[in-house]
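Below: one structure, written as C-alpha cells.
For this chain, numbers begin at 1 and follow the sequence in order. Ligands are counted one by one from 1 in listed order, and the atoms in each one are counted from 1 as well.
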Amino acid sequence: MRLSQLFTRTSKTVPANETARNAQLLIQAGFIHKEMAGVYAYLPLGKKVLHNISQIVREEMNAIGGNEVWMSVLQPKDIWEKTDRWDDKKVDNWFKTKLANGTELGVGLTHEEPITDMLPEFVQSYKDMPVYIYQIGTKFRNELRAKSGLMRGREFLMKDLYSFSRTQAEHEEFYEKVAKAYMRVYDRLGIGGQTYRTFASGGIFSQFSDEFQTLSHVGEDTIYVHETKRVAVNQEVYTDEILAQLKLNKDELVEKKAVEVGNIFSLGSKYADALDVYYTDEDGQQRSMIMGCYGIGISRLMGLLAEHFADDKGLVWPENVAPAKVYLVRLGDKPEVIKQADELYERLTAAQVQVLYDDRNMRAGEKFADADLLGIPYRLVVSDKTLSSDSYELKARTATEAKQVGQEELLKTLGITGQ
Ligand code: ATP
Ligand code: MG
C-alpha cells in the first residue's frame, strides 16, 4: 500500500483520553480510533494486525478439526432462560436490547446457548459426533471497568470454539488437543515463552479450568509460575490443599502479573441438557453430550502484543502479525529515484511481500520516525545515494544501524527466492 493513499496518519502527541500504553501507541500510530471507553474502531493498519492474529488462530483451529461459523449477535431470550443465564443477577455483564414490539433480546456475550440450540438440526446420532464449531466475532460485555485499552473492551473480538463429544474420555482427548493448539498460537505470535497454562477455578463439572496467561506488568491477574514445569496457578485457586493435589511446591512458585489471553473449560452436559439437546448412541439410547468451550481474546492479544513489543520509538511488531513486512522509504523526488522505488515496490508486491510504500513528499527524519512508530519489521531506503552505489539501505526495526545491501542480499533477507 502507498502511504500517499492511506487516510490515517501518525500523531506526535500521546492521546489525552487514554491511559493504557497499548491504546496510546496504537492511536498515535493510527491503528485504532477510540469511540468511547472500551470501544475502539480498527483502521486499515490495525485491521490488518487483527486479521493476521485471527488467521493464525483460524489455521490452528482448522488443524484440529474446527468448523468455522459466524453466529448472530442478537440473541433470543428463551434459550438463555432455559440455562438460567438470562437474569442479570446470574450474568451481570449483559447488554440487552428490545425489538420494536417490546420483545427482549440479548446482545451476544458468549455463544454456548445459540450453538447448542442449533445443533439438533444437524447432529442427532453418535455417528455425527464429535463436532467442533468455532467463530471469530465481536462480543459485547458491559464490563465495569474498561481502562486497559484493547485488553478489556466492552466490544471486542474473540475466537470461541465449542466441542460436543460423546464421552468424557473423548472430550478430554480433544481438550488436550486444544491446549496444544493454543500454545502453537502463542508461539507463532511470539509470546510462547512468556505464556503459561494456568490452573484456574472450574465449575460443576471439573475442578479446574485452564487459562493461558502471558506475563505482563500490566496484567490484571496474579499467577504463581513454576518455571521448569511450565505451568502456573491462578491466585483464585492458590491454596495449600490445591498445591498439594497438583504436586507443586510453594517454594518453587514465583508470583507474577499476567494477562489472560485464552481459556478452556469443561462444561459437562450442563447446557446441552438444559436445552434438551441429546444424541442417540449405538443402542438407540438417548445420551447427554459432553461439552467444552475454548476462548481466545483476539483483540486483547493485539493490545498485549502492542504493549509487549514496543520501545521508546514506537511499536515493534513480530513479523507474523505486522501490518506489512517492509516499510519502503523513497527519499527525494528525482525521476530516477521515483522510478527505482516504484519498481522495487512492484517487485516486492509481486513476490507476495507486504510493503508500506512511503511515497509521500516528506523529510527523511519524518519518514524514519513513522517507520519506527508503525513498527514495521524492515525499513528499506531508496535514495540518490543508494542509486549511485547500486545498493539499498536496509534496517531491521530491532537493529540500531542500517546497512548497505546489494540486490541479492536484500531478496535473501526478505525471504524471496528464485527471482
Ligand atoms: P476475564 O477473566 O479477563 O474477564 P473471561 O474469563 O470472562 O475474561 P472468557 O469469557 O472465557 O473470558 O473469554 C475468552 C477470552 O476472551 C479470555 O480469555 C480473554 O482473552 C478474552 N476476553 C474476555 N473478556 C474480554 C474483554 N472484556 N475484552 C477483551 N478480551 C476479553
Ligand atoms: Mg477469566
Please indicate whether any nitrogen or oxygen in [X] is less than 3.5 Å from any nitrogen or oxygen in ligand 1.
X	answer
G295	no
F156	no
R300	yes

Note: [X]-[Y] ion pair, threshold 4.0 Å (strictly below):
X	Y	result
K313	D311	no
D370	K12	no
E393	R379	yes

State, yes or no, whether a side-chain contact exists between E220 and E260 at a heavy-atom distance under 4.5 Å.
->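 The answer is no; the side chains never approach within 4.5 Å.
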
Would you say the side chain of K159 lies within less than 4.5 Å of the side chain of L161, judging by non-hydrogen atoms?
-> yes

Option whose closest heavy atom lies nearest to atom 20 (O) of ligand 1, chosen from K159, Q213, E260 =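 Of the listed residues, E260 has the closest heavy atom.
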
Counting only heavy atoms closer than 4.0 Å, does ligand 1 sit against the backbone of [X], its side chain, both, or neither?
X	value
E143	side chain
M158	side chain
V261	backbone
R141	side chain

Identify, for [atom], the protein heavy atom at the shortest distance, and state residue, atom and that distance.
atom	result
atom 1 (P) of ligand 1	R152 NH2, 3.5 Å
atom 28 (N) of ligand 1	G153 N, 2.9 Å
atom 11 (O) of ligand 1	N263 ND2, 2.8 Å
atom 15 (C) of ligand 1	G297 N, 3.9 Å

When you measure from the side chain of Y224 to the backbone N and O of E252, does any donor-acceptor pair fall under 3.5 Å?
->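 Here the side-chain-to-backbone pair does not exist.
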
Do side-chain atoms of S148 reach the backbone of M151 as a donor and acceptor pair under 3.5 angstrom?
->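 Judged by distance alone, no pair lies under 3.5 Å.
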
Ignoring hydrogens and geometry beyond distance, is a side-chain donor-acceptor pair present between [X] and [Y] at under 3.5 Å?
X	Y	result
R397	Y378	no
H171	S266	yes
D281	Y279	no

Under a heavy-atom criterion of less than 4.0 Å, does M151 contact ligand 1?
->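 Yes.
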
State, to 0.1 Å, how close R330 and N361 come at their nearest heavy-atom pair, and which atoms those are.
->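 Answer, listing the atom of R330 first, then N361: NH2-OD1, 3.9 Å.
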
Counting no waters, what protein N/O/S atoms lie under 2.8 Å from the Mg ion (ligand 2)?
->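 Result, waters dropped: E260 OE1.
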
Test log, rule side chain to side chain donor-acceptor pair (under 3.5 Å), inputs T116 and Y162 | CA-CA 9 Å; T116 308; Y162 305 87; over 6 Å; no

For ligand 1, which atoms sit closer than 4.0 Å to a heavy atom of G262?
->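 Near G262, the atoms of ligand 1 are 18 (O), 20 (O).
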
For F265 and D210, run side chain to side chain contact (heavy atoms under 4.5 Å, CB included): C-alpha distance rounded to whole Å, both residues' side-chain angles, the deciding distance at 0.1 Å, then the answer.
-> CA-CA 7 Å; F265 219 92; D210 288 274; over 6 Å; no

